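Below is one structure, written out as structure tokens; comments come after it.
Just so you know, these numbers come straight off a predicted model, no measurement behind them.
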Amino acid sequence: MNQPLAGFAPAPVTARMENHGNHMLKVALQTGNDLLARVGSMVAYEGFVQYEPNPPAVRQIARDWMTGEGAPLMKCSGDGLLYLADYGANVVVINLNGDAISVNATNLLAFDAHLTWGVERVKGLAKFAGQGLWNTKISGQGWVALTSRGKPIVVDCGGGEDETYVDPDALVAWSPNLKVKGKRSFKAQSLIGRGSGEAFQMAFSGTGIVVVQPSEDSTDRLRVRG
């Protein structure tokens, strides 16, 4: 029985975070290098791992979660291997290496606890979305894992004058240094997007990337507060 299953065994650890297949995250935990992960995402672990739901680091920014953007998080600590997943979604692993990323909270799976993070308002969208749109910004030296409903595409905005347009329901993450503005196209409302009754897109320009998933499920969309 072991022979047919041998191909699914985990590979040797080569990084703090890495994929096991397309739909699972493997994290090498070490004492003193804690992880914040989505509550309920643990599917297996080896070694000694402890979990703390709603840790102090999360409670400190709980006031920002009145926007609805915050995701329930748990602190994972100890020594061992931790496996995380989110209902079979694709997992994307990023080593920030001093950079920053702005993430839709519904697509945030896990990140190193020592990273700087918080909920921020996206500038430039207030007139399109009432009080604006909120996202989770993460920065520093460390690892982040995102989820995507299907294999995502990473679009390089290129730094030119041209803008990149994205349906908000399909947006996963973007470089926070990009300029963002909203656009409505009533003539194309039956062709673009499926959630709002009109074609509302987010336009990105500057130097950076945008991560887009092949899904427009309204449960995955960014939180917009009117």
Check the pair Cys76, Leu29 against side chain to side chain contact (heavy atoms under 4.5 Å, CB included), reporting the backbone distance first and the verdict last. CA-CA 8 Å; Cys76 309; Leu29 284 179; 4.3 Å; yes
Side-chain heavy atoms of [X] within contact of [Y], under 4.5 Å:
{"X": "Val210", "Y": "Leu171", "value": "yes"}
{"X": "Pro55", "Y": "Asp34", "value": "no"}
{"X": "Val166", "Y": "Gln201", "value": "no"}
{"X": "Leu108", "Y": "Leu146", "value": "yes"}
{"X": "Asp112", "Y": "Asn33", "value": "yes"}
{"X": "Leu96", "Y": "Ile94", "value": "yes"}

I would like to know whether Leu178 and Cys157 meet side chain to side chain contact (heavy atoms under 4.5 Å, CB included); could you show each step before the answer? CA-CA 9 Å; Leu178 289 173; Cys157 293; 3.9 Å; yes
Apply side chain to side chain donor-acceptor pair (under 3.5 Å) to Ser102 and list each qualifying residue two or more places apart in sequence or on a separate chain. Asn135
How close do [X] and [Y] get, heavy atom to heavy atom, and via which atoms?
{"X": "Pro12", "Y": "Glu18", "result": "O-OE2, 4.0 Å"}
{"X": "Thr136", "Y": "Ala105", "result": "OG1-CB, 4.0 Å"}
{"X": "Leu82", "Y": "Tyr45", "result": "CD1-CB, 4.0 Å"}
{"X": "Val91", "Y": "Met24", "result": "CG2-N, 3.9 Å"}

Checking Lys26 side chain against Leu84 main chain: does a donor-acceptor pair fall under 3.5 Å? no
Got a donor-acceptor contact below 3.5 angstrom from the Arg16 side chain to the Ala28 backbone? yes
Quick test of your reading of the model: are Asp169 and Arg149 salt-bridged, counting only N-O distances below 4.0 Å? no
Between Glu163 and Lys179, does at least one N-O distance fall below 4.0 Å, as a salt bridge requires? no
Tell me if the centroids of the rings in Phe204 and Trp174 come within less than 6.0 Å of each other. yes
Distance col, row Leu25:CG vs Leu35:CG, nearest 0.5 angstrom, shows 7.5 Å
Calculate, to the nearest 0.5 Å, the distance between atoms NZ and CD belonging to Lys75 and Gln50 respectively. 9.0 Å
